[in-house]
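Written out below as structure tokens is the structure these notes cover.
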There are 4 protein chains.
Amino acid sequence: MSKKQSILTAATELFARQGFNGTATSEIARKAGVAQGTVFHHFKCKENLLISICDELVTKYVEGIKEAAQGSGTGWDALERVLWFSLNFMAERTESITVAFRETRVLQHEGGELHDHFSALMSQIIDVKRDCIERGQADGSIRQVDPYKTAFLLYILIKGIHHTRAHGLLQVPDLNTEVVEFWRQSLATGNPHQ
Amino acid sequence: MSKKQSILTAATELFARQGFNGTATSEIARKAGVAQGTVFHHFKCKENLLISICDELVTKYVEGIKEAAQGSGTGWDALERVLWFSLNFMAERTESITVAFRETRVLQHEGGELHDHFSALMSQIIDVKRDCIERGQADGSIRQVDPYKTAFLLYILIKGIHHTRAHGLLQVPDLNTEVVEFWRQSLATGNPHQ
Amino acid sequence: MSKKQSILTAATELFARQGFNGTATSEIARKAGVAQGTVFHHFKCKENLLISICDELVTKYVEGIKEAAQGSGTGWDALERVLWFSLNFMAERTESITVAFRETRVLQHEGGELHDHFSALMSQIIDVKRDCIERGQADGSIRQVDPYKTAFLLYILIKGIHHTRAHGLLQVPDLNTEVVEFWRQSLATGNPHQ
Amino acid sequence: MSKKQSILTAATELFARQGFNGTATSEIARKAGVAQGTVFHHFKCKENLLISICDELVTKYVEGIKEAAQGSGTGWDALERVLWFSLNFMAERTESITVAFRETRVLQHEGGELHDHFSALMSQIIDVKRDCIERGQADGSIRQVDPYKTAFLLYILIKGIHHTRAHGLLQVPDLNTEVVEFWRQSLATGNPHQ
DNA sequence: GATGAATGAGTTTTCATTCAT
DNA sequence: TATGAATGAAAACTCATTCAT
């Protein structure tokens, strides 16, 4: 693993546990096994670490759900694959997700350039889900709900699970199956054309 | 408004916008219109500000949903009141909620005393909802779902809405009605014993 | 001497010897006998130290030459008093002058607000001298030279002496008498009206 | 232009604008279009850049005034050529001069070896001028002033012009003609032997 | 000759906290 | 109760310099 990568790994773990402002760059350097100067040699400023982490995460997630959505089958099948991909992704990438969701205010200042970049990426998350719903409504596998708002609720529920786990004050049971079943009950007709 | 209260108000707003670690006590003092020493005179240390904010918030919320749950009608009626109370509370207290949800790690160290205090309060949030569900299942107004996991999902969806709004990267539509309808569809039988 | 003043004194001496960028604020604090935080408590940033030093110096100098110029006698008499005041002031305030003349670039950025402030003060230095010359030309005590350019040359020669001394590579002899005689020779008619 | 030369050029410009301590070697490298290592490959340390700049400058200037002084004519004629050469040199080499005059303290430590080197060169500047004056006094073209102190004043006035321009807070008019006329008036007899 | 990744000492600045008034 | 000067530990960041390639 290159020094640059080990810095990113260390930063992700520390930001997740202690927050961006609660983590010193010296601590990141120590954990990554490099000199403090090396952190700044590669990332120029502390904030860039955060941006790198968020960027990699959101990009990978959008790629993943796009791929999940594209497969064969009904709209509901696609949506179910997106759901499962999201639940698994969330389990694997807890730390980055914690960071990306907690430290948004850092990504929002400065005339909105970064904000626009991430907003655009995030919008695609809603879009992919809405497309699945519309496709499902076209092929009869999904009920006539508002595609946009429902896509939001799908996103929100998954996000909510992450936050409740990350919050740490409640012991959250495994809810994956319930979530999928729950959405199947609410959305799936069980009855696509042909 | 007493100086103590204006300090709390200022702190809440600043913590919400900039995070606990991203906010200086001097900034709080300035915004509250008091001297920096006054902040420490009333709160002894910065962390106590955070604890005050969280404590007041969670206590009020638990009181609110308990009251909402106690009213007359079926279990589903009670649950619906709890839902609406939660959605409204969330709209009114966005800042405190943002603070309380983001800065948990600060509340978790110190041998767990604080952690236990808040864990106990949070558990009641799940309990109240579970009670409604069980009451609804007893009176036939709510389907035979897992009361505990469903209570969690109720909590999670509401929490998810808050976080998605607070995240700021997506323009979140008003989803109150959809949320209630969605749960009605998933949970309510429409057919209590009465 | 207040802590604030002792910080300024220490800073002046160190800036003069080592330059602004060559002097650490920690060094200033140590020399002034205060904690490093105290420097920033009083001056907010290192640059403000420099500005304070320059401001006090230029203000005092302008006051001094204005007062010297106002006295009785011919224009040449006034000019001679200004000259002597300048030469003495230069001897007494070598350190501040060194600082103020060497570190100008620090005073010039940022939309020119500071630049304008100091430019205005500096212009008065030329103005006072020019006024003396014009007064001397009116009363016949000073020859018909270009008042503006000559005022500049007066300023420049004094400034040059300071710099040559401060430069340190040449052992500069005492030139006060020569300078005054030199200007008398070049400017004074020895022959005012009445 | 060789890489070494382009480094020197970049350094001169940056030192003049930002000072020696205010300029990073990385900035010099970037401006010169070379890698940072290359700077150290050619100059071993940052200070050597400064020494090169000063050395080249002072050497050229001493050569120039010596040549100007050697020509034919009276002592005053020689002095006038030296004056004009100095004024022109100053206009052409503003940046290096700014650097050499501002950063002397850097050239002064180290047991005095460098200090002695530059002191010797600087003394020659006074010597050349004094020689002209003495030659002029011998041939009757220059009045009976103190040759040494007057040489200093000549040097000082020229230096003063440079500093006043470089200071940047005053808009300095063109004074070349005035300076020469002014010295002619003070020094020249207009009346050499033969 | 030329490079640029890596370093760690040093810099400016921030900030929670204390305390005398 | 309220203040704000004073502190010093810790933070982000800079930078001259080295060195393997």
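Sequence lines set the chain letters: A, B, ... in the order given, protein chains first and strands last, and positions in each chain run from 1. Please read these numbers as outputs of a predicted model, since none were measured by experiment. Both backbone and side-chain heavy atoms feed into the values below; hydrogens, waters and symmetry mates do not.
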Only one of B:Leu114, B:Leu50, B:Leu121, B:Asn48 passes side-chain contact (heavy atoms from CB on, under 4.5 Å) with B:Asp55, and that residue is B:Leu121
Shortest non-hydrogen pair, C:Ile51 vs C:Phe118, comes out as O-CZ, 4.1 Å
Please, which pairs that meet salt bridge (Lys or Arg N to Asp or Glu O under 4.0 Å) have at least one residue in residues 33-46 of chain D, sequence neighbours excluded?
none
Identify, with sequence neighbours excluded, every residue that meets ring pair (Phe, Tyr, Trp, His ring centres under 6.0 Å) alongside B:His162.
B:Phe101
State which residues pass side chain to side chain donor-acceptor pair (under 3.5 Å) with C:Lys4; sequence neighbours excluded, sorted by chain then number.
none
Suppose we screen for salt bridge (Lys or Arg N to Asp or Glu O under 4.0 Å). Which residues come up paired with D:Arg93, at least two apart in sequence or across chains?
D:Glu56
Looking only at heavy atoms, which two atoms of C:Ile7 and C:Val39 are closest? And how far apart?
CD1-CA, 3.9 Å
Heavy atoms of B:Phe43 and B:Ser52 approach each other most closely as CE2-OG, 3.7 Å
Side chain to side chain donor-acceptor pair (under 3.5 Å) involving C:Ser96 - partner list, sequence neighbours excluded
none
Using a 3.5 Å limit on both distances, find every run of at least three consecutive Watson-Crick or G-U pairs that involves DNA chain E.
E:2-21 with F:2-21
Can you sort out which residues in residues 30-46 of chain A have a heavy atom within less than 4.0 Å of DNA chain F? Ascending by number, please.
A:Gln36, A:Phe40, A:Cys45, A:Lys46
Output all residues satisfying side chain to side chain donor-acceptor pair (under 3.5 Å) with C:His167, sequence neighbours left out; order by chain, then residue number.
D:Thr104
Start and end of the DNA chain F segment that chain C contacts, any atom under 4.0 Å from a heavy atom:
F:dA5 to F:dG8
Among residues 3-29 of chain B, which ones have heavy-atom contacts with DNA chain F below 4.0 Å?
B:Lys3
What donor-acceptor contacts under 3.5 angstrom involve side-chain atoms of residues 10-20 of chain B, with partners at least two apart or in another chain?
residue: B:Thr12; atom: OG1; partner: B:Leu8; partner atom: O; Å: 2.8
residue: B:Glu13; atom: OE2; partner: B:Arg17; partner atom: NH2; Å: 3.2
residue: B:Glu13; atom: OE2; partner: B:Lys31; partner atom: NZ; Å: 3.1
residue: B:Gln18; atom: OE1; partner: B:Thr23; partner atom: OG1; Å: 3.2
residue: B:Gln18; atom: NE2; partner: B:Glu27; partner atom: OE2; Å: 3.1

List the residues meeting side chain to side chain donor-acceptor pair (under 3.5 Å) with A:Thr38, not counting sequence neighbours, and say none if there are none.
none
